[in-house]
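Below is one structure, written out as structure tokens; comments come after it.
If you're wondering where the values come from, they're calculated on a predicted model, not measured in any experiment.
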There are 2 protein chains.
Amino acid sequence: MGYGCVMAVDPDHVLRSAATLLTRKSTATMDEVARAAGISRATLHRHFAGRDALVRALEALGIAECEAALDAARLDEGPVGDAVRRLVAEIEPQAGLLAFLYTENQLFEGEEQNAGWARIDERIADLFRRGQETGEFRIDLTPAWLTEALYGLLASAAWAVAEGRVAPREFTYMIVELLLGGARRPTDTPTA
Amino acid sequence: MGYGCVMAVDPDHVLRSAATLLTRKSTATMDEVARAAGISRATLHRHFAGRDALVRALEALGIAECEAALDAARLDEGPVGDAVRRLVAEIEPQAGLLAFLYTENQLFEGEEQNAGWARIDERIADLFRRGQETGEFRIDLTPAWLTEALYGLLASAAWAVAEGRVAPREFTYMIVELLLGGARRPTDTPTA
DNA sequence: CTTGAGTGAGACAGGGATGTCTCACATGGG
DNA sequence: CCCATGTGAGACATCCCTGTCTCACTCAAG
């Protein structure tokens, strides 16, 4: 029974479904991934040789989306603060996928990671470096740390939104304001 | 051969070893955990009924350490900014374990989480709330978000240090400065 | 109508981790 | 000296996921 639609499966749709599911449950089975995409495990295996291949495809998707966001944000134009805001806004839809890939990368020690991440890291770090050179950003927080912190805040925000602790519409605002302005009131002068 | 020392195993030492290992490789096997603690898998099983029990014990340890850090930081005393600095400094040694437990909790959707985390969340959120009431902190970033952001920054920093992207001695400084002051120069006025 | 491509369902073997068990052995106390 | 406790090593069954396969079936094209 139920030999349903036989139309060719859209690999991109499968990837999107997998990203959505793995964002929620990063240990999901191949069978669960297939069900979530509305296809059978056999068909999933026909399109992705194995779980590794699926994750690597997901990683490639995440990298591509990130680079698209970087392009769309026009990081070279205008004040760095505004560029950061544009970047976070562009990258917001991918935050869940990024959080998954970010933690997934922590799982393997020493393993060589995809070169795409290095490129993305570099572009974001360059943005913060530009902010320091223009005098807009402080120089005691390294670009590498600011980049890392951005990833951490994106992941935290994605989880907080998923669990209902933060309103979805405040996602970008919360991240950007904290990253740029910090928790202190702008009129306050540091006590230390 | 090698029927080594038969002295009773110290469960706390086992937990510490497990925390150190799982911080690096969160998918470590029970056998690897046992080896890391210098005991056999059989003995590990005698002290912790299973992997679940081990993780739950690790969670209890993390909660206890966190609450100890919260107590030691004397969050009610003095300026909130200083209290945050003390808190991060106290919690720094546990950042790796916290990062492991933090991501581990994201693995299970909907599952009831340990009540200890809710208590800790509450105490930290109260700290930020106090900062808002004293006028030291801005009110547009919710205490819940600041709490979540602190977790994210702790995890990011722990990983960045583990991978050599950030110097260990700058751990507390980087987190506190970003969380409190943001990336902008204190003298700058926002462009927007 | 016929045929081929693509799919779903299920069976099957293999690997890896888990949990349990037994047994040999070392240590400390009586 | 002897025994109880606790450990290490290994065997063992079990479970779950994976990867591959076969077969029946549907749809679209010719």
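Among residue pairs with one or both ends in residues 26-45 of chain B, those qualifying as salt bridge (charged side-chain N to carboxylate O under 4.0 Å, His left out) are B/Lys25-B/Glu32, B/Asp31-B/Arg35; sequence neighbours excluded. Evaluation of the salt bridge (charged side-chain N to carboxylate O under 4.0 Å, His left out) test over residues 89-108 of chain B, restricted to residues two or more places apart or in two chains, returns none.
Across the protein-nucleic acid pair, B/Leu44 atom CG and C/dT20 atom P stand 12 Å apart, rounded to whole Å. Rounding to whole angstrom units, NE2 of residue B/His47 and C1' of D/dT5 are separated by 12 Å. As rounded to whole Å, 16 Å separates atom P of D/dT22 from atom NE2 of A/His45.
Of all the residues in residues 27-43 of chain B, B/Gly38, B/Ile39, B/Ser40, B/Arg41, B/Ala42, B/Thr43 reach under 4.0 Å from DNA chain D with at least one non-hydrogen atom. In the region residues 49-62 of chain A, proximity to DNA chain C at under 4.0 angstrom, judged on heavy atoms, holds for none of the residues.
Judged by distance alone with a 3.5 Å cut-off, no donor-acceptor contact links the side chain of A/Arg46 to the base of D/dG19.
Taking the six-membered ring for Trp and the full ring otherwise, the centers of A/Tyr102 and B/Trp159 sit less than 6.0 Å from each other.
The side-chain contact (heavy atoms from CB on, under 4.5 Å) check on A/Asp71 picks up A/Arg123, with sequence neighbours excluded. In this structure, the side chain to side chain donor-acceptor pair (under 3.5 Å) partners of B/Arg119, at least two apart in sequence or on a different chain, are B/Glu67. Residues satisfying the side-chain contact (heavy atoms from CB on, under 4.5 Å) criterion with B/Leu150, sequence neighbours excluded, are B/Leu87, B/Val88, B/Ile124, B/Leu154, B/Ile175, B/Leu179. Residues forming a side chain to side chain donor-acceptor pair (under 3.5 Å) with B/Asp121 (at least two apart in sequence, or on another chain): B/Tyr151. Applying the side-chain contact (heavy atoms from CB on, under 4.5 Å) criterion to B/Glu177, with sequence neighbours excluded, gives A/Arg138, A/Leu141, B/Arg85, B/Tyr173. Residues forming a side-chain contact (heavy atoms from CB on, under 4.5 Å) with B/Thr43 (at least two apart in sequence, or on another chain): B/Val9, B/Ile39, B/Ser40, B/Arg46, B/His47.
Between the axis at the start and the axis at the end of the helix from C/dC1-D/dG30 to C/dG30-D/dC1 there is an angle of 0°, using five pairs per end and rounding to 10 degrees.
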Pairs under 3.5 angstrom only: tabulate donor-acceptor contacts from the side chains of residues 11-21 of chain B to other protein residues two or more places apart or in another chain.
from    : atom 1 : to      : atom 2 : distance (Å)
B/Asp12 : OD2    : B/Arg16 : NE     : 3.4
B/Arg16 : NH1    : B/Glu65 : OE2    : 2.6
B/Arg16 : NH2    : B/Glu65 : OE2    : 2.7
B/Ser17 : OG     : B/His13 : O      : 3.0
B/Thr20 : OG1    : B/Arg16 : O      : 3.0

